[in-house]
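To keep things clear, I will list the structure first and then write my remarks on it.
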Protein chains: 2
Amino acid sequence: MTSLTRGEQPKRVTRRRALTRQRLLDAALHVFAEEGFGRSTVDRVCERAGFTRGAFYSNFTSLDELFLAMWEERAAAMRDGLREAIAATEGSGALDADDPERVLRAVLDVIPVDDAWYRVTAEFTAHALRNPPLRRVMAAREAAILDALLPLVEGALARIGRRVTDRTALGQALIAVHDGTSVQVLLEPADPAVRARREELFRHVLMAYSTEGPGEGEEDQ
Amino acid sequence: MTSLTRGEQPKRVTRRRALTRQRLLDAALHVFAEEGFGRSTVDRVCERAGFTRGAFYSNFTSLDELFLAMWEERAAAMRDGLREAIAATEGSGALDADDPERVLRAVLDVIPVDDAWYRVTAEFTAHALRNPPLRRVMAAREAAILDALLPLVEGALARIGRRVTDRTALGQALIAVHDGTSVQVLLEPADPAVRARREELFRHVLMAYSTEGPGEGEEDQ
DNA sequence: CGTACTGGATACATTCCCGTATCGGATCCG
DNA sequence: CGGATCCGATACGGGAATGTATCCAGTACG
């Protein structure tokens, strides 16, 4: 379908080019969110970005490729955000021996339930499941993102005195819970209880996949 | 958009009508799964069913309406299947005091990870999130389905000596875990470990939301 | 400061899909 | 079995979106 393997860069990336690329990415997020990925068209994305289709085809070969670029961006932002948030809890005075709540907060604030983003990824995932090469690309990238995020969570847990028993299982569980409960929260936006149950489930998972053991580096402060 | 409230039935449902309706439903499932809900068209559904668009518009007003009918069908089948499966475990000899595994099996076999169905519902859900009236309809139906299924699970748990602490929370958690882990299994179809971790997570949830207490009716036997 | 080149706009031909209105044959009922 | 009714096929008039090929202007570099 599309060449999903990094094509050769045109020797230099002019300033202008980078800008229009970014504008296209921003516009696409809105369009995908509003129309749905499946119903989105190159036309609309360009219209929203204030370009014509020529600009699009000069920067991307397909909406798939564009989405993957968008995802990359998002993942990087999340990774940085999480790192920062966890670092922030670190400085904040004395650590109680047991304060999983703080870790939970840090994580949930950085990786929130984002209406638009949820819709877009859900649809794109379904789309990828229909297309084996794309599915593989997606699985690989997801694994990479998890690899970057997990150590952060694990470190945070260690600092409050809990050792993770099975790193991979915890990662899979957290993602499943995040995704699975996000829909529920979005479907029932008026009901705060749904959100509360989501967080309770996160607590259960964090506890179930870690054990009260010596944190690696700093047991308490 | 579409009148999602049950319209008035034309006084009688002729045999022929029922048949074409069913053929349209079956065809639609395939088309949705293959093309994606968003990219599916009335044309294609009819083509696949061997009708022309006239037939479609005579039976449904929109693809949304058709999907809801499809979902209804599916939910009913699941409910019956689950009831039957649980009833089957009932007769099977002496119950060990603690055999959550049996309950888990019964449930997982009836509500499997279904590739095509997952894609379709995921996309339709995203679509519904974009459309408040439709979102409400969907939330309501989901709640109704859960109401029908939960007592069955609760009963099965009671028979192995576990009392559910918070019915609603358990239901929400099970659904979240089912949905969230389904994607993972489908994204990584070659890796049996992913599926194993899914089931492990189910076990954790079943235990976390129930307590070792006297089952309501039949403590043992 | 001018020129070679890159990037985005425009035009084009094609394909697909929508929803309605009307018609003729199948189906049901007495 | 015959008439009333129902149902699905056909015809119609538009409206988008696609990807490509070509062209002009803005940009960067010597």
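Just so it is clear, the structure is predicted and the values come from calculations on it, not from any experiment. First the proteins, then the strands, lettered A, B, ... as listed; each starts at 1.
The overall bend of the helix from C:dC1-D:dG30 to C:dG30-D:dC1, read as the angle between its terminal helix axes built from five base pairs each, is 30° when rounded to 10 degrees.
Residues passing the ring pair (Phe, Tyr, Trp, His ring centres under 6.0 Å) test with A:Phe32 are A:Phe37, sequence neighbours excluded. Not counting sequence neighbours, the partners of A:Leu146 by the side-chain contact (heavy atoms from CB on, under 4.5 Å) test are A:Leu150, A:Ile175. Not a single salt bridge (Lys or Arg N to Asp or Glu O under 4.0 Å) links B:Asp80 to another residue, sequence neighbours left out. Under the rule for a ring pair (Phe, Tyr, Trp, His ring centres under 6.0 Å), the partners of A:Phe60 that lie at least two apart in sequence or sit in another chain are A:Phe56. Remark: B:Arg21 engages no residue in a salt bridge (Lys or Arg N to Asp or Glu O under 4.0 Å) (not counting sequence neighbours).
B:Ser58 and B:Arg17 share a donor-acceptor pair across their side chains, judged by distance under 3.5 Å alone.
Sorted pairs that involve residues 143-152 of chain B and meet side-chain hydrogen bond (donor to acceptor under 3.5 Å, both in side chains), not counting sequence neighbours, are lacking altogether. The stretch residues 125-134 of chain A participates, sequence neighbours left out, in these salt bridge (Lys or Arg N to Asp or Glu O under 4.0 Å) pairs: A:Arg130-B:Glu123. Residue pairs meeting the side-chain hydrogen bond (donor to acceptor under 3.5 Å, both in side chains) criterion with at least one member in residues 23-32 of chain B, sequence neighbours excluded, are B:Gln22-B:Asp26. Annotation: ring pair (Phe, Tyr, Trp, His ring centres under 6.0 Å) contacts involving residues 169-204 of chain A, sequence neighbours excluded, comprise A:His204-B:Tyr209.
Position along DNA chain D of the nearest nucleotide to A:Arg39 versus B:Arg21 favours B:Arg21 as the more 5'-ward residue.
Distance CG (A:Leu19) to P (C:dT6): 19 Å, rounded to an integer number of Å. The nearest whole Å value for the distance from the CG atom in A:Leu66 to the C1' atom in D:dG19 is 17 Å. In this structure, A:Arg17 places its CZ atom 13 Å from P of D:dA28, rounding to the nearest Å.
Ion pairing of B:Arg44 with B:Glu34 is absent here, as no side-chain N (NZ or NE/NH1/NH2) approaches a carboxylate O to less than 4.0 Å.
Non-hydrogen atoms lying under 4.0 Å from DNA chain D are contributed by A:Thr41, A:Val42, A:Asp43, A:Arg44, A:Arg53, A:Tyr57, all within residues 40-60 of chain A. Within residues 26-35 of chain A, no residue places a heavy atom under 4.0 Å from DNA chain D.
Between B:Arg16 and C:dT27 there is no side-chain polar atom (N or O) within less than 4.0 angstrom of OP1 or OP2.
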